[in-house]
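Predicted model only: the values in this text are computed from it and were never measured. As the structure lists them, so they are numbered: ligands from 1, and atoms in each ligand from 1.
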Amino acid sequence: MNNKPVKIVETALRDGHQSLSATRMRTKDMIPVLEQIDNVGYHAVEAWGGATFDSCLRFLDEDPWERLRTIKKHLKKTPVQMLLRGQNILGYSHYADDVVEEFAKRSVANGVDIIRVFDALNDVRNLECAMKAAKAAGAHVQGAFVYTISPYHKDENFLKVAEDLISLGADSICIKDMAGLLAPYAAFNLVTTLKSKLSVPVEIHTHYTSGMASMTYLKAIEAGVDIIDTALSPFSGTTSQPPTESMVAALIGHERDTGIDLDAFGPLADYFNEVKKNLAKDFNLNTNISIDPKVLSFQIPGGMLSNLVNQMKELGTEDKYAELLKEMPKVRAELGYPPLVTPTSQIVGSMAALNVTLGRYKMIPTQVKDLVRGKYGRTPAPIDPEILKLVIGNEAQIDHRPADDIAPQIESLKQKLAEEGFPNASIEDLLSYAVFPDVALAYFKKHR
Ligand code: CO
């Protein structure tokens, strides 16, 4: 049985504000407290990747690479952690291996110590390239699998994904529960299974969306989980992680006490309360986010529900909302039970919305066709044969690694950037341009 202190990864600088403040926290909001954060005694600080890269360029007029270097400069003792979507890097489609390799390499060179990689379909072939490059660059590589509920997702299936990740070189494993679906006793069983078979550390990442997150962590801790992801209180709760202070307090005096001094958090919480208020004011953010246990019935992440409602309002079909809630799980089953996380959540969601407005599979978006073709990787279950025929006719599905079909991109990106007037772009700028061409170019035109 694990009787070591529970380790804490602080997420306020990435997932916390991504979940609660539309990813709008600016580097200048972080700098004043980075040294205090560095002194807390965290296992790591998650501070980069996910949606922050896009947000820096698109909304904050910041260079994401510059942010990373600044954070690294101030976090002298605590490892910097990032979230990477495997072959999707930080974007929404697959990139060529040369771009993925270079991105992983430059992330490490600019300050990332721990790279958490995941794939929306848990197809580990989509993680091979990023993992190999990150390891070669000297990073700790954490393999994450996304947690979801379906007849095809049993503890043994998750264990198999974890074992495959370890055989690809994962230094630790993360259970990534992006929608807050993981119930406390299910977490106990899953962690028990993983801990009994794996020799690397196991971390758990959940969201408060359904209201179960702290209970889930406590049962995971009882089952021996090594590391938990939490956010300082102002950026915790609802659609974010459990509060760091409360989890630390809950373990005081227990054999797995984190050993972190609770008093370290007071000034940090006060500071981030102000930051959160300022972000809401400066960016006119909706701060009225609440816990939504409906996610447990429909398995639709909270943010996505509100997006779908908005979409249907635009189409003038909000009266079909109840129908949509039934259609989502049906489409998900027909499309092979993909976990609902970027980008599969959008793919399933838009297909379901079109089905209830125009008739089932009357209009099929390219992304749905590509998912059925196998261009995102292997779905957890086979595509329903009738739907397969409806979507791609007699076209064959691919069964190889999708990125094998993508030719190297770096040279052509260099050429394009030169044509746009940036012949001497740095490799970091080239990578920004590879993933978010339009916003990167707008940034370069202003700043380079
Ligand atoms: Co998350």
Checklist entry - Between Y337 and R332, is there a cation-pi geometry (under 6.0 Å to ring centre, at most 45° from the normal)? => result no

Next on the checklist: Any N/O/S atom from D229 (main chain or side chain) under 2.8 Å of the Co ion (ligand 1)?
Outcome noted: no

Checklist entry - Rounded to 10°, how big is the angle at the Co ion (ligand 1) from D15 OD2 to H207 NE2? => result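 For OD2 of D15 and NE2 of H207, the angle centred on the Co ion (ligand 1) reads 100°.
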
Checklist entry - For the side chain of E62 and the backbone of R67, is there at least one donor-acceptor N/O pair under 3.5 Å apart? => result no

Checklist entry - Which heavy atom of V191 sits nearest a heavy atom of A220, and at what distance? => result CG1-O, 3.8 Å

Checklist entry - Out of the N/O/S atoms in H205, what is the name of the one closest to the Co ion (ligand 1)? => result NE2

Item to check | T23 vs H17, side chain to side chain donor-acceptor pair (under 3.5 Å): CA-CA, chis, key distance, verdict | outcome: CA-CA 5 Å; T23 331; H17 72 99; 5.4 Å; no

